[in-house]
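By convention in this document, chain letters (A, B, ...) are assigned in the order of the sequence lines, proteins followed by strands, and residues within each chain are numbered from 1.
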Number of protein chains: 2
Amino acid sequence: DHGEKHIAVEKDVLYENNLLAARNRGFFDAKNILAINLVSSPGSGKTTLLERTLTDLKDTVNFSVIEGDQQTTRDADRIHATGTKVVQINTGKGCHLDAHMVMHALQGMHPHENGIVFIENVGNLVCPAMFDLGEKERVVVMSVTEGDDKPLKYPDMFHTSHLCIINKIDLLPYVPFSLDKAIANAKRINPKLEVITLSCTSGEGLDKWYQWLESKKS
Amino acid sequence: DHGEKHIAVEKDVLYENNLLAARNRGFFDAKNILAINLVSSPGSGKTTLLERTLTDLKDTVNFSVIEGDQQTTRDADRIHATGTKVVQINTGKGCHLDAHMVMHALQGMHPHENGIVFIENVGNLVCPAMFDLGEKERVVVMSVTEGDDKPLKYPDMFHTSHLCIINKIDLLPYVPFSLDKAIANAKRINPKLEVITLSCTSGEGLDKWYQWLESKKS
Ligand SMILES: Nc1nc2c(ncn2[C@@H]2O[C@H](COP(=O)(O)OP(=O)(O)OP(=O)(O)O)[C@@H](O)[C@H]2O)c(=O)[nH]1
Ligand SMILES: Nc1nc2c(ncn2[C@@H]2O[C@H](COP(=O)(O)OP(=O)(O)OP(=O)(O)O)[C@@H](O)[C@H]2O)c(=O)[nH]1
Ligand SMILES: [Mg+2]
Ligand SMILES: [Mg+2]
Ligand SMILES: [Zn+2]
Ligand SMILES: [Zn+2]
């Protein structure tokens with residue numbers, strides 16, 4: 001049966017991915033690097049959040065960034081402009097980063113010891129949920145323009161994340177989005193999920209994100 | 001090699017999908033149904049656009065709707081509230097609808113002859129691009145909150161679509177989005193792509209969408 005064959009291959013792929021994710025985890029551990037996998041729908045604000053963070057904290061933390069996109073180096077160019085070490089991965093038809101791609105990017109970039117490595121995944125609220133990259137923390141970004149039902153409709157990503165950032169709160173006056181409902185929906189899928197609300201544009205709430213980052217660094 | 005095995009299975013999957021898409025296309029043809037596959041990032045406004053359309057045109061067109069989501073029947077419930085025939089497909093871990101799912105939904109729902117069948121795909125700007133459902137028209141919705149670079153960064157979806165709807169133009173005053181750039185980026189990927197700008201909230205531009213629908217009905 002074709003369905004069974006497909007599932008078997010998928011298990012192979014995930015098993016191989018898990019091995020390389022474990023390898024990446026060892027690499028990060030050896031260099032005392034905090035690795036963070038940033039996931040979201042296209043356009044929720046992952047790169048904008050990185051631009052703000054890298055600029056605001058550049059004097060206190062050594063950052064390196066891996067950018068994942070189907071095409072273009074636009075996001076890597078934006079990160080490069082902040083003066084941060086960055087590698088772009090283009091996945092072509094691919095819908096997510098995998099641990100193998102991240103392993104090669106790490107070998108090429110020599111990330112700073114004792115620093116933070118951000119991995120911005122392909123904008124996709126579904127497929128990246130299945131692929132461990134070896135990160136310590138998975139951060140899902142949602143924006144208030146997407147609707148407060150997203151955690152219920154795309155549960156895997158919220159289930160596998162540690163922190164949920166609700167971005168673009170400067171737009172709350174113009175969209176029918178209830179913060180309370182969104183947070184309740186997210187916690188229903190994942191009771192342990194932490195939540196931070198902020199706006200990359202106005203800067204409101206960024207301090208809570210910076211404190212969270214500090215608390216995760218050892 | 002693992003990579004080659006994965007690609008071979010993917011080709012099998014796409015071949016089988018193409019056969020069933022052709023079957024669906026024959027079904028739609030036999031009943032003189034205009035089938036439209038609605039694709040976008042999560043939360044761009046696909047269901048809201050359907051709610052408006054089904055309500056505004058209910059006296060002139062017989063609509064049926066197939067809803068695709070990982071989880072919940074929320075979108076089908078919203079469509080049902082407009083008085084329209086609707087079937088919900090839940091894909092679970094799956095990241096896109098395929099022609100097989102649509103075939104079964106069609107058999108269960110008995111869509112109206114001479115009408116329009118809308119298929120709302122899973123919110124995902126990557127994977128649904130590869131899966132023909134047998135539709136006549138593929139409509140990609142993007143919203144101005146996602147950024148005007150989306151066509152360049154996620155080209156497959158814009159390359160395979162016939163119409164691009166740029167939604168949420170009521171939010172243009174609050175986001176750094178250039179309509180000119182977005183349209184130029186979309187046409188660079190697909191010179192034949194038609195573009196309509198509108199707001200489901202204010203109603204501005206909906207008339208152009210309704211005219212487009214009318215022009216595609218035979
Ligand atoms: N109003 C408002 N707009 C924002 C905010 N954060 C980001 N944006 C805008 O949202 C759009 C998308 O931002 P990006 O940072 O490119 O989003 P992304 O998640 O990196 O997008 P992909 O990499 O394509 O998935 C851009 O036009 C940003 O200016 C915010 O807090 N408020
Ligand atoms: N301001 C504004 N908000 C809109 C507009 N259209 C839709 N929205 C809002 O955008 C959010 C998402 O809308 P939906 O229609 O659920 O989006 P969707 O594409 O069906 O989402 P998924 O099915 O989860 O992929 C909701 O809060 C809508 O109210 C618009 O034109 N302007
Ligand atoms: Mg980005
Ligand atoms: Mg919807
Ligand atoms: Zn995928
Ligand atoms: Zn996928």
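Rounding to the nearest 0.5 Å places NZ of B:K153 at 10.0 Å from CG of A:N90. Rounding to the nearest 0.5 Å places NE2 of A:H96 at 9.5 Å from SG of B:C95.
At least one side-chain heavy atom of A:N124 sits less than 4.5 Å from a side-chain heavy atom of B:C127.
Taking chain B as the reference chain and counting heavy-atom pairs below 4.5 Å, the highest number among A:Q70, A:E146, A:K150 is found for A:Q70. The residue among A:P42, A:G45, A:G43 with the most heavy atom pairs within less than 4.5 Å of chain B is A:P42. If you tally non-hydrogen atom pairs under 4.5 Å between each of B:V175, B:D170, B:D75, B:T201 and chain A, the highest count goes to B:D75. Of the listed residues (A:G147, A:G123, A:A129), the one with the most heavy-atom contacts under 4.5 Å to chain B is A:G123.
Only the side chain of A:L171 comes within less than 4.5 Å of a heavy atom of chain B; its backbone N, CA, C and O stay farther away. Within the 4.5 angstrom heavy-atom criterion, only side-chain atoms of A:K168, from C-beta onward, approach chain B.
Within 6.0 Å of atom CZ in A:R78, more than 12 heavy atoms from other residues, nucleotides or ligands are found, so the atom counts as buried in its surroundings. Under a cut-off of 6.0 angstrom, the local environment of NZ in B:K58 is crowded, with over 12 non-hydrogen atoms contributed by other residues, nucleotides or ligands. Counted within 6.0 Å of NE2 on B:H159, heavy atoms from surrounding residues, nucleotides or ligands total 12 or fewer; the atom is thus considered open. Remark: B:H80 NE2 is loosely packed, at most 12 non-hydrogen atoms of other residues, nucleotides or ligands lying under 6.0 Å away. For A:R23, the CZ atom counts as loosely surrounded, since its 6.0 Å shell holds 12 or fewer non-hydrogen atoms of other residues, nucleotides or ligands.
Nearest heavy-atom pair across B:L152 and A:R74 is CD1-NH1, 3.4 Å.
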Pair A:T72-B:D149, side chain to side chain contact (heavy atoms under 4.5 Å, CB included): steps then yes or no: CA-CA 10 Å; A:T72 83; B:D149 57 357; over 6 Å; no
